[in-house]
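Have a look at the structure below before the remarks.
Numbering of residues begins at 1 and proceeds along the displayed sequence.
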Amino acid sequence: MIETVKNAWKIPELRKKLTFVLFAIIIFRLGFAIYVPFVDTKLLADQFAALNSGNLLGYFNTLAGGGMSTASIFAMSIYPYINASIIIQLLQVAIPALERLAKEGGEEGKKKIQKIVRITTLVLACIMALGYYVTLKSMGVLTRADLWSAIVIIATMMAGSMFVMWLGDQITEKGIGNGISIILLVGIVSQGLRAVVKIINMQWWAMIITLVICLAIIAFIVYITEAERRIPVQYAKRVVGRKQYGGQSTHLPMKVNMSGVMPVIFASTICGVPATIAGFTQPQEGGFWWNMTNKWFAPGATAYIIIYVLLIFAFAYFYSTIQFNPIEVANNMKKNGGFIPGFRPGKPTSDFIAKVLNKITMMGAIFLAIIAALPQIMSNLPSLGGLAIGGTTTLIMVSVSLETVRAIEGELMMRHYKGFLE
């Protein structure tokens, strides 16, 4: 990875793109030093420090680079855009018009879909900013709680979120890699210092064990992220005039972790709802709701881990279903004269692909469950407790890093860079 970046830096055009990415990252981080008005930031930071780790606010604060705990103008970071993208992607399955626009609209269709995503982002940013204002008011951290302060805070948060979305688009257009993913990665990495401090404060043997586990998790994520099942595909020979087409052998690649990090994000969000509600309602100690949020469904509890893992499996299968359609793949293969050796084109081929999809989805779900549940299990160990090795954050960091390196390597390949090809 380091060698790839060094090779890219030697090329003036790529150096310009990398410099632009670094400049955009600096602008993004500077935005976290600008706070929205009418908020007591010190009191707010104390409130967030006391939050349960399973609380949704604490969870989103970590993913947003700590902006929510300081009432930064970038507190919502890129999440309205991410949520809008997920919503539109899911609606493409439910609304045929959107599906046709995405698949058959070409470049113009992609632009229309992107416009719809941006409008949805604005609506979600308004809703999330309103919810954040209500949260600040319930915490008692506002220095002024009238209509004008509400308008200023909500408008500022919306503007910050839309600016981050624009900044991500600029990185994608003028830099290298996916700008949205890079911004997400920067926000998570900025919170990594806390985990480093916790590791340093451990006993020496616990520190070694923790570091070994961290390296093993990263290696495991890299291995599964790059893993894929390749189904052999043979194309029949066709003679058109004096030319012969087809006859070659290729393969159909199917990623083991096809759903990415989305199942973990969805499962974490749902599991964090009870703790968030309890934080606002403050149930009586010893009561049913108090026991459910502080004992039965608290992060690290057996019931919490079981539900967490089941939700990951459910979302992994759901997301792989909407991402990969075996019937559509089989039909396209048949139209182009392709077939899988040993299976007739049409339904037998689609059934075989669906069977393979179910198997690799199971393996991908097991992988995500291990990565997500391991930190919860570690939190029950006294010597390692409190260490924030989040499955979601680690998976995002590794996945985005691999994606960015592949983008740089692609740029190098396009320019036939001698140092890289050797």
Side-chain angles (χ1 to χ4, degrees), residues 27-87 116-168 183-184 186-187 190-191 268-270 272-285 289-290 293:
I27 295 297
F28 174 64
R29 288 308 303 169
L30 286 176
F32 283 88
I34 305 174
Y35 310 131
V36 298
F38 311 122
V39 178
D40 187 337
T41 55
K42 186 179 183 305
L43 182 59
L44 177 62
D46 294 339
Q47 293 271 18
F48 266 86
L51 284 177
N52 188 296
S53 60
N55 192 294
L56 268 182
L57 293 177
Y59 172 70
F60 284 127
N61 181 58
T62 300
L63 295 181
M68 297 189 74
S69 61
T70 58
S72 161
I73 61 172
F74 292 165
M76 296 189 300
S77 188
I78 204 66
Y79 287 98
Y81 179 83
I82 292 177
N83 292 333
S85 300
I86 294 172
I87 290 172
I116 295 172
V117 171
R118 289 173 178 171
I119 294 174
T120 308
T121 300
L122 182 63
V123 175
L124 290 179
C126 180
I127 296 173
M128 292 178 68
L130 178 60
Y132 186 62
Y133 171 78
V134 172
T135 301
L136 295 176
K137 190 175 182 180
S138 66
M139 287 181 170
V141 297
L142 296 178
T143 59
R144 177 176 170 180
D146 55 8
L147 179 61
W148 174 247
S149 66
I151 293 175
V152 170
I153 292 175
I154 293 173
T156 304
M157 301 292 294
M158 289 176 61
S161 183
M162 298 306 291
F163 178 81
V164 173
M165 181 189 72
W166 175 83
L167 191 63
I183 286 179
L184 187 62
V186 172
S190 65
Q191 296 296 293
S268 300
T269 302
I270 293 177
V273 170
T276 304
I277 296 175
F280 288 118
T281 58
Q282 296 183 349
Q284 184 178 359
E285 184 173 353
W289 186 250
W290 186 90
T293 56

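Contact record, A75 with M68: O-CG, 3.4 Å, taken as the closest heavy-atom pair. Here the closest non-hydrogen pair linking C126 and I154 is O-CG2, 4.4 Å. Residues M76 and A125 approach most closely at CE-O, 3.6 Å, considering heavy atoms. Among all heavy-atom pairs drawn from F32 and S72, the shortest one is CA-OG, 3.2 Å. The minimum heavy-atom distance linking M157 with A129 is given by the pair CB-CB, 3.8 Å. Minimum heavy-atom separation, I78 to L184: CG2-CD1, 4.3 Å.
Rounded to the nearest 0.5 angstrom, T156 OG1 and I153 CD1 are separated by 7.5 Å. Atom CG in L124 sits 9.5 Å away from atom OG in S85 (nearest 0.5 Å). A distance of 9.0 Å separates CG in L142 from CG in L44, rounded to the nearest 0.5 Å. Residue M158 holds its CE atom at 14.5 Å from CD1 of I73, rounded to the nearest 0.5 Å. Annotation: the span from I27 atom CD1 to I183 atom CD1 amounts to 11.5 Å, rounded to 0.5 Å. In this structure, OG in S149 is found 4.0 Å from OH in Y133, a value given to the nearest 0.5 Å.
T135 places a side-chain N or O within 3.5 Å of a backbone atom of G131 that can act as its donor or acceptor partner.
The salt bridge (Lys or Arg N to Asp or Glu O under 4.0 Å) pairs that include a residue from residues 139-148 are R144-D146, where partners are two or more places apart or lie in different chains.
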Would you be so kind as to tabulate the donor-acceptor pairs closer than 3.5 Å made by side chains of residues 34-42, with sequence neighbours excluded?
residue: D40; atom: OD1; partner: K42; partner atom: N; Å: 3.3
residue: D40; atom: OD1; partner: L43; partner atom: N; Å: 3.3

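Between F28 and F74, the ring planes lie parallel to each other; the angle is under 30°, not in the 30° to 60° tilted range.
Partners of R29 by salt bridge (Lys or Arg N to Asp or Glu O under 4.0 Å), not counting sequence neighbours: none found.
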